Structure formats: C-alpha cells, structure tokens
Amino acid sequence: MKRTLAIGDIHGCLAALEHLWRAVDPQPQDRIIFLGDYVDRGPDSKGVIEFILNLPPDLDVTCLIGNHEEKFLLANINKGELAHWLDDWGGGDTLASYGASGFKDVPATHWEFLRKALPYVETDSHIFVHANLEADVPLALQQSFTLLHKKFGKPKPHQSGKTMVCGHTALKAPHLPINLGHAVCIDTDPGRGGWLTCLDTESGKYWQVTNDGEGRAGAI
Ligand SMILES: [Mn+2]
C-alpha cells in the first residue's frame, strides 16, 4: 500500500536518519517528503545532505526548504547573515562538517540541493510546509516568513480544507508529534537530544528514533 512519509527536522543527525531509514524502509511506491532543516546543531549536516542526494533514484523524494537552509544560503552572500548563522544558529557545526575551508568545501551538488528545495508541496488531502501557513491566504500567495519561520502556535484550519503537516517548532519532552486534526507538527527536536520523526499521513502511523539508535512508534 502506498504511504506518504513526511520526515521532520533532522539538524545534522545523520545517525538518526540512518536508523529511521531502516525502521521505515521506504519503497518505490511510497512518497517521501522531507520537511526541511537538514543542517545546523547536529554533528553531520554534510552527511545528511549527502545521504539524501545518494538515495536510490527509484524512490519518490521531495525536499522542502527550512529556515536553516535559507540561512545557509544567505550566510554565503552576506557577512551579517554569516555572523548571525555562526553565533546563534549552530552554523559553525555545519561548516565544520564540510572541513577546514568552510564554504569553499561545500560541493556544487549541495548548493544545488539547497537552491532546489521547495517552499511547500500539496497533495489532494495535505499541504506540507516547513513552518506554517496563514489560514486565510491561498497557498501560492503565502509569505516566505510564514512558510519558513512562523511558529506553530494554535493554527486555524487553512482555507483549502487540507491538513497542514509541518516541522520547525521544536516539541520538547516527551517529543511526540502534535495532531490538531487540521494541522500536524512533527519537529521532535533531534538536534538537541530529542527524536527524529517520520509520519505516514495515509495511516497516521509514526516512527521515531534518536541519534543513539533508540526507536519507538505510535499513531496520531
Ligand atoms: Mn526550522
């Protein structure tokens, strides 16, 4: 049976992503949607992007952009953004994962990955986005701030009637997904000792792993 697999914020936690892949075992008939925030905080941001770029080509993979990818791109072209990224966003961990020369060591394939990541994706029943939506604004007219930065809070149902699936707002212990019916958040904070979450929006089943390989599952 086809699954639609949304994967929450990874934040450099390559080991967690590898554990999650073994637990979920995505197949060519599944649709896989990464919700963004691949980089910063965790130990191997480069490895996370490399893992995604090296997935088998017969898998149906969509990658969304998160605010941390936007910051990575901005830091490369603006000194103020670079200082902010390094001081406050964990960007130093990301650059260190590429090696001693920083931006010079980031391969062209990774810049292309960052630039090609999509702001949202829509199915018949769901809208997938990194951060949030304005309830009364059509999807195509949403502001970048809302899509990439706006915290989850208590979102109203989107005017489309579709269920929003997002990450971005880190859910603290016990690190479980939040399901409001019309909106679901699956950022369970793996970069700061939490869990990495994958949700099948068809069945409601979710899988969670830690960077240490601990695993659990449940349903929303
Ligand atoms: Mn985010």
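Since this is a predicted model, take the numbers as computed values, not measurements. Each ligand, and each atom within it, is numbered from 1 in the order the structure gives.
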Looking only at the side chains, is there a donor atom on one of H130 and E69 sitting less than 3.5 Å from an acceptor on the other?
no
Regarding H110 and E50, do their side chains bring together a donor and an acceptor under 3.5 Å, going by distance alone?
yes
Give a yes/no answer: is there an N/O/S atom of T169 under 2.8 Å from the Mn ion (ligand 1)?
no
Per residue D37, nearest N, O or S atom to the Mn ion (ligand 1) is named OD2
For the residue pair W89 and N67, confirm or rule out a side-chain donor-acceptor distance under 3.5 Å.
no
Judged by atom type as modelled, is there a donor-acceptor pair below 3.5 Å linking the side chain of T4 to the main-chain atoms of T201?
no
Distance alone, cut at 3.5 Å: any donor-acceptor contact between the side chains of T169 and D187?
no
Quick check: does H149 put an N/O/S atom under 2.8 Å from the Mn ion (ligand 1)?
no
From the Mn ion (ligand 1) out to just under 2.8 Å, does an N/O/S atom of H168 turn up?
yes
Any N/O/S atom, backbone or side chain, of D187 lying under 2.8 Å from the Mn ion (ligand 1)?
no
